[in-house]
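Since the model is a prediction, treat every value here as computed from it, not as a measurement. The figures that follow rest on heavy atoms only: side chains count, while hydrogens, waters and symmetry mates do not.
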Amino acid sequence: MIYTREDITNDVIMRTAKQMLAAAVTAPKGRGVDNIEVLIVDGDEKDRLSAAMRDIGAETGEDFYIRDAGNVDACPCVVFIGMGNAPRGLTNCGLCGFGNCAASVKAGAQCAFNAVDLGIAIGSAVSVAADNRIDNRVLFSAGKAALRIGIFPETVAVCFGIPLSVSSKSIFFDRPAVTA
C-alpha cells in the first residue's frame with residue numbers, strides 16, 4: 001500500500017485532535033468541578049462553521065472573522081473546547097466582579113473559575129498540538145460561530161475553536177493584520 005503525504009497528514013492531525021481533547025478533559029479544574037465540553041468538527045460541519053464565520057464578519061464589519069474562516073477552510077478539522085457556567089457556590093469569592101456566587105447568578109455573570117478552567121484546558125490542548133508539531137491557532141471567532149450554529153449544547157456559554165494544520169509554513173503565521 002502507498003500512503004500519500006495527505007493521507008498521513010490527515011491521520012496525524014485527527015489523532016492529535018483526539019489527544020488534545022483528552023488533554024483538555026484531564027486538565028485541572030477549580031474545586032474539582034468539570035464544566036468543560038470538547039468536540040472535533042470536520043467535513044460538512046466545518047464548512048458550515050466557516051460559512052457562519054463569514055456571515056458574522058459581513059454582519060459586524062469585523063474582517064478577522066473572514067480571515068479566520070479562510071484558515072478554517074484550509075484545515076482538515078477544528079478542535080473545540082467550551083465551558084458551561086456553573087458557579088461554585090462560594091459565599092465570599094468575588095473573582096467574577098460580584099460579592100458572591102448568588103449575586104453573580106442574579107446578574108447573569110460568568111463564574112471566574114469556569115473561565116480559568118477553560119484557559120487551562122485550552123493551554124493543555126495546544127501543548128499537545130505543539131508536542132506533535134501540528135500548527136494551530138486559538139480562535140475566538142470560530143467559537144462564536146460554533147455557538148451561533150448550535151454545535152455545542154445550550155449549556156455551553158463560551159468556547160474557542162482550534163484549527164489544525166500541517167504544511168511547509170504555518171498558515172497562521174503571516175496572516176494579514178486586521179483592524180476593528
Test item: C75 and S165 side chains (from C-beta on) under 4.5 Å apart, heavy atoms: yes
salt_bridge(R48, D44) N-O dist < 4.0 Å: no
Value rounded to 0.5 Å, distance of CD1 in I122 from CE in M20: 9.5 Å
Electrostatic pair K144:E62 at N-O distance under 4.0 angstrom: no
Cluster link F160 to L147, ILVMFWY, side chain under 4.5 Å: no
Pairwise distance CG(N35) to CG(N85) - rounded to 0.5 angstrom: 7.5 Å
Residues, nucleotides or ligands: over 12 heavy atoms within 6.0 Å of K46 NZ: yes
Close side-chain approach of F98 to C93, heavy-atom, < 4.5 Å: no
Under 3.5 Å side-chain donor-acceptor pair for N100 and T91: no
N10 (side chain) donor-acceptor with D7 (main chain) under 3.5 angstrom: no
E6 atom CD, neighbour heavy-atom count above 12 within 6.0 Å: no
Sub-4.5 Å side-chain heavy-atom contact between L139 and V72: yes
NZ (K106) with more than 12 external heavy atoms under 6.0 Å: no
Closest approach of C77 to M14 (non-hydrogen atoms, all atoms of both residues): CB-CE, 4.1 Å
Pairwise side-chain contact, E45 with L49, heavy-atom cut-off 4.5 Å (strictly under): no
V12 and I134: CA distance, side-chain angles, deciding distance, side chain to side chain contact (heavy atoms under 4.5 Å, CB included) verdict: CA-CA 9 Å; V12 169; I134 305 295; 3.8 Å; yes
Side chain to side chain, D55 and R148, heavy atoms closer than 4.5 Å: yes
Nearest heavy atoms of A121 and I36, plus distance in Å: CB-CD1, 4.2 Å
Main-chain N/O of V138 paired with N136 side-chain donor or acceptor, under 3.5 Å: no
Neighbour count >12 (heavy atoms, 6.0 Å) for atom NZ, K29: yes
Sub-4.5 Å side-chain heavy-atom contact between V79 and L21: yes
Joint cluster assignment, V78 & F140, ILVMFWY side-chain distance < 4.5 Å: no
Which atom of D47 lies closest to which atom of S50, heavy atoms considered: O-OG, 3.2 Å
Minimum-distance pair of heavy atoms, taken over all atoms of A69 and M53: N-CE, 3.5 Å
Residue pair N132 / V128, side-chain heavy-atom distance below 4.5 Å: yes
Under-4.0 Å salt bridge between D117 and R88: yes
F80 and F152 aromatic ring geometry - parallel, tilted or perpendicular at 30°/60° bounds: perpendicular
Side-chain heavy atoms of E37 within contact of I81, under 4.5 Å: no
CD1 on I162 to CG on D135, rounded to 0.5 Å: 13.5 Å
